[in-house]
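This report refers to the structure that appears directly beneath it.
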2 protein chains.
Amino acid sequence: MNLKELADALGLSQTTVSRALNGYPEVSEGTRARVLNAARSFNYRPSTGARNLATGRSMAMRHIVPLSARHDMMNVIFSEFMSGTGEVYAEHGYDMIVSFVPKDKELQAYRDAVARGSVDGFMIHGPTRDDPRLPLLAELGVPFVVHGRSTGYNVPYAWLDVNNRRAIERATTYLIGLGHRRIGLVNGPEHMDFALRRREGYLTALASAGITADDALMTAGDLTEPQGYNAAQRMLGLSNPPTAFVASAILPTLGIRRAVEGRKLEVGRDISVICYDDKVSTLPNGDTAEPMFTAARSSVRDAGRRCAEILIDCINNPHLPLRQELWEAELILGGSTAVAKKEPTR
Amino acid sequence: MNLKELADALGLSQTTVSRALNGYPEVSEGTRARVLNAARSFNYRPSTGARNLATGRSMAMRHIVPLSARHDMMNVIFSEFMSGTGEVYAEHGYDMIVSFVPKDKELQAYRDAVARGSVDGFMIHGPTRDDPRLPLLAELGVPFVVHGRSTGYNVPYAWLDVNNRRAIERATTYLIGLGHRRIGLVNGPEHMDFALRRREGYLTALASAGITADDALMTAGDLTEPQGYNAAQRMLGLSNPPTAFVASAILPTLGIRRAVEGRKLEVGRDISVICYDDKVSTLPNGDTAEPMFTAARSSVRDAGRRCAEILIDCINNPHLPLRQELWEAELILGGSTAVAKKEPTR
DNA sequence: TTGAAAGCGGTACCAT
DNA sequence: ATGGTACCGCTTTCAA
């Protein structure tokens with residue numbers, strides 16, 4: 001059933017039917033009701049292709065995900081973020097298109113999508129330092145929102161970020177306040193902007209307390225359970241091991257716990273751990289009143305929702321200033337931190 | 001730059017240019033080269049909307065994800081599967097559209113997408129027993145592939161499934177062979193077809209060994225770390241506790257390990273554990289030669305890739321018989337299983 | 001308040 | 001081998 005057939009069935013013109021359907025004011029209430037009724041009973045839906053062509057808008061947002069060998073991006077956090085954006089898109093009638101492209105074709109994929117007119121806006125995931133996508137998108141003149149920021153690119157753009165630096169600085173300072181001086185860092189991949197900022201936060205906290213940073217206590221990787229395990233294993237085996245850890249996600253924190261317990265030590269008694277908790281539904285930080293781990297927490301799903309709202313706003317109001325939001329993470333107390341013991345635990 | 005402008009720039013007709021671009025044979029090699037060249041230098045791409053309208057095809061596959069309260073679906077496994085499908089779609093020029101819809105609007109979303117002509121095929125995730133989506137899709141007459149199967153719906157349809165029943169039966173039988181008679185089951189949500197089949201496999205293995213199933217040793221839930229922890233805590237507290245566990249995913253298995261270690265017991269010595277391992281890149285089952293857990297293993301990403309191929313094949317060859325593939329999981333030996341001790345460990 | 005008709009940017013049939 | 005042109009289904013301007 002297309003518009004013409006619907007109009008014929010009603011004995012009206014396509015124009016009137018289209019107007020009635022799209023809520024234009026110049027249609028009499030009587031006809032509007034008739035049209036809406038008929039449309040419902042025939043289960044009529046306007047063809048997206050045709051509407052696309054006629055309006056020049058695609059009603060679709062695109063998320064381009066590079067297929068890197070290790071699939072850095074397509075992880076738990078990414079999908080949680082996406083489901084936040086997807087909810088909001090759906091509420092506003094937008095489709096979400098997800099493109100997986102080989103890393104070396106990534107930039108071209110943005111160009112292509114714009115040239116084909118298949119997209120109204122882009123959501124940018126996982127910005128790196130000096131991310132090459134941002135200048136490209138600015139050049140293409142298409143709306144986009146970045147989840148995070150890109151150190152080194154200083155032209156204004158729309159973004160939403162958590163204050164990663166501050167969150168980890170607070171977490172580290174808290175551990176220092178408990179008497180810890182040897183604190184291990186298990187970070188995410190440090191070409192990613194968020195991981196860089198977290199590292200800065202960690203270093204700032206140490207510096208403020210007059211503690212010299214030790215390369216042996218810092219590691220960066222892909223935030224898996226084994227990453228945490230391996231890092232903790234190595235660090236706990238040092239002649240001067242850490243008494244506490246800061247980890248960039250729950251998964252490596254589970255690995256840290258495994259390493260700690262493997263040495264007959266206990267998290268929250270012998271070894272303190274704080275992690276960054278993105279509040280991923282499948283990886284809850286415990287499910288009781290007291291969280292499993294003390295954590296810096298913020299919701300990626302909420303971030304996704306808000307990013308989508310910002311993107312839609314960019315499209316609807318192209319001349320408003322670009323939105324930039326910095327969210328603060330909260331520090332929540334769990335069972336994984338305690339005052340440092342006087343004697344190093346070995 | 002559109003087709004007309006490109007044709008004008010070349011001094012050719014739109015027809016010829018279109019033919020050259022789409023690989024039609026009746027174009028001289030000279031003109032084809034010229035056209036291809038010009039298209040490249042102008043960075044010309046055909047408008048998706050226009051092509052959509054003209055061909056009646058959208059070159060897009062849709063994944064509809066219900067927004068259930070607990071977000072059953074948007075989990076680690078789901079995104080791993082999606083990235084498999086997405087890769088293949090991209091290789092074949094298809095877009096992947098992901099729609100998040102409230103559960104009560106799910107079926108309507110399929111109808112809508114078909115009525116708008118915005119999709120060439122659907123990928124169906126997480127089928128349940130008597131899944132209502134399958135008869136609907138059959139009625140709509142649109143190509144679709146199911147990842148899994150739906151017990152109770154017996155009309156032929158295209159699917160790819162892992163032999164969940166057999167995999168868990170083998171795993172359970174293996175534990176029984178090691179001397180375990182009290183085996184706990186930590187399963188996924190049992191309205192899902194895969195979870196039902198796994199339970200059947202578990203029960204079959206027990207029955208074959210003459211072991212009476214015990215409701216207190218079976219639990220179903222959302223496959224999170226706390227689910228495994230809580231289930232194991234409860235079961236290990238029974239007067240007649242299990243000496244082994246079968247778990248439906250890595251995450252709850254990590255929780256089981258936590259509960260076991262919390263009782264000063266050791267996995268792989270005091271308590272045996274086998275889990276189902278979907279080979280999710282962010283949740284590897286260890287990263288060394290020996291897997292952390294003994295496991296029934298199959299790759300969701302590969303399943304995603306294959307499902308996408310099948311879907312594309314359905315579209316290209318609508319009259320071929322529907323493909324149905326049953327994959328066997330492999331049972332891999334890790335460090336989490338051992339011969340049962342004579343005395344129950346408490 | 002309603003209708004006619006000109007696009008939107010391609011594809012593909014029918015001529016030449 | 002190349003070109004003219006009628007669609008595809010909708011939106012939107014202009015006219016009535």
Side-chain angles (χ1 to χ4, degrees), chain A residues 1-39 42-60 93-95 112-120 315, chain B residues 1-39 42-60 93 95 112-120:
Chain A
M1 161 78 52
N2 61 25
L3 188 61
K4 185 170 180 343
E5 291 161 356
L6 182 60
D8 288 350
L10 280 159
L12 289 167
S13 73
Q14 292 189 36
T15 315
T16 304
V17 175
S18 173
R19 278 199 274 244
L21 256 22
N22 291 308
Y24 281 65
E26 64 262 61
V27 183
S28 81
E29 279 318 309
T31 17
R32 162 155 302 143
R34 270 182 66 217
V35 170
L36 255 33
N37 243 322
F42 289 119
N43 198 41
Y44 167 80
R45 292 286 178 292
S47 146
T48 37
R51 172 175 264 176
N52 197 327
L53 190 54
T55 59
R57 303 182 56 178
S58 66
M59 295 308 284
Y94 281 89
D95 271 337
D112 277 17
V114 171
R116 321 186 88 98
S118 71
V119 68
D120 291 339
I315 290 170
Chain B
M1 160 78 50
N2 61 27
L3 188 61
K4 185 173 183 339
E5 290 162 355
L6 181 60
D8 288 350
L10 280 159
L12 288 168
S13 73
Q14 291 189 36
T15 314
T16 303
V17 175
S18 172
R19 279 199 275 245
L21 256 22
N22 291 305
Y24 281 64
E26 65 262 62
V27 183
S28 81
E29 280 317 307
T31 16
R32 172 168 327 237
R34 270 182 66 217
V35 171
L36 256 31
N37 243 323
F42 288 119
N43 198 41
Y44 168 80
R45 293 286 178 289
S47 145
T48 37
R51 172 174 263 179
N52 198 327
L53 191 53
T55 59
R57 304 183 53 177
S58 65
M59 294 309 284
D95 272 337
D112 277 16
V114 171
R116 323 185 87 97
S118 71
V119 69
D120 291 340

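These numbers come from the heavy atoms of this one structure, side chains and all, not from hydrogens, waters or symmetry mates. Chain naming here is simple, since letters A, B, ... match the order of the sequence lines and numbering starts at 1 in each.
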5' precedence on DNA chain D between B:Ser28 and B:Leu53 (nearest-nucleotide basis) | B:Ser28
Inter-axis angle, terminal five-pair segments of the helix from C:dT1-D:dA16 to C:dT16-D:dA1 [nearest 10°] = 40°
Holding to side chain to side chain contact (heavy atoms under 4.5 Å, CB included), I want the full list of residues that pass it with [X], two or more places apart in sequence or in another chain.
| X | answer |
| --- | --- |
| B:Tyr24 | B:Arg19, B:Asn22, B:Glu26 |
| A:Ala39 | A:Leu6, A:Leu21, A:Tyr44 |
| A:Asn2 | A:Lys4, A:Glu5 |
| B:Asp95 | A:Arg62, A:Ile97, A:Ser99, B:Ala60 |

Inter- and intrachain pairs under salt bridge (charged side-chain N to carboxylate O under 4.0 Å, His left out), touching residues 45-54 of chain A, at least two apart | A:Arg45-B:Asp112
Atom CD of B:Gln14 and atom CG of B:Leu3: how far apart are they, to the nearest 0.5 Å?
->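 Between atom CD of B:Gln14 and atom CG of B:Leu3 there are 4.5 Å.
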Could you work out, with side chain to side chain donor-acceptor pair (under 3.5 Å) as the rule, every residue matching [X], not counting sequence neighbours?
| X | result |
| --- | --- |
| A:Ser58 | A:Asp120 |
| A:Arg34 | none |
| A:Thr55 | none |

Kindly say if A:Ser47 contacts the phosphate of D:dC10, meaning a side-chain N or O under 4.0 Å from OP1 or OP2.
-> no
Which two nucleotides bound the region of DNA chain C that has atoms under 4.0 Å from heavy atoms of chain A, read 5' to 3'?
->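 The footprint of chain A covers C:dT1 to C:dG9.
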The salt bridge (Lys or Arg N to Asp or Glu O under 4.0 Å) partners of A:Arg32 (sequence neighbours excluded) come to A:Glu29
Please write out the pairs of protein N or O atoms and N or O atoms of nucleotides 12-16 of chain D separated by less than 3.5 Å, giving the distance to one decimal.
| residue | atom | partner | partner atom | Å |
| --- | --- | --- | --- | --- |
| D:dT12 | OP2 | A:Tyr24 | OH | 2.6 |

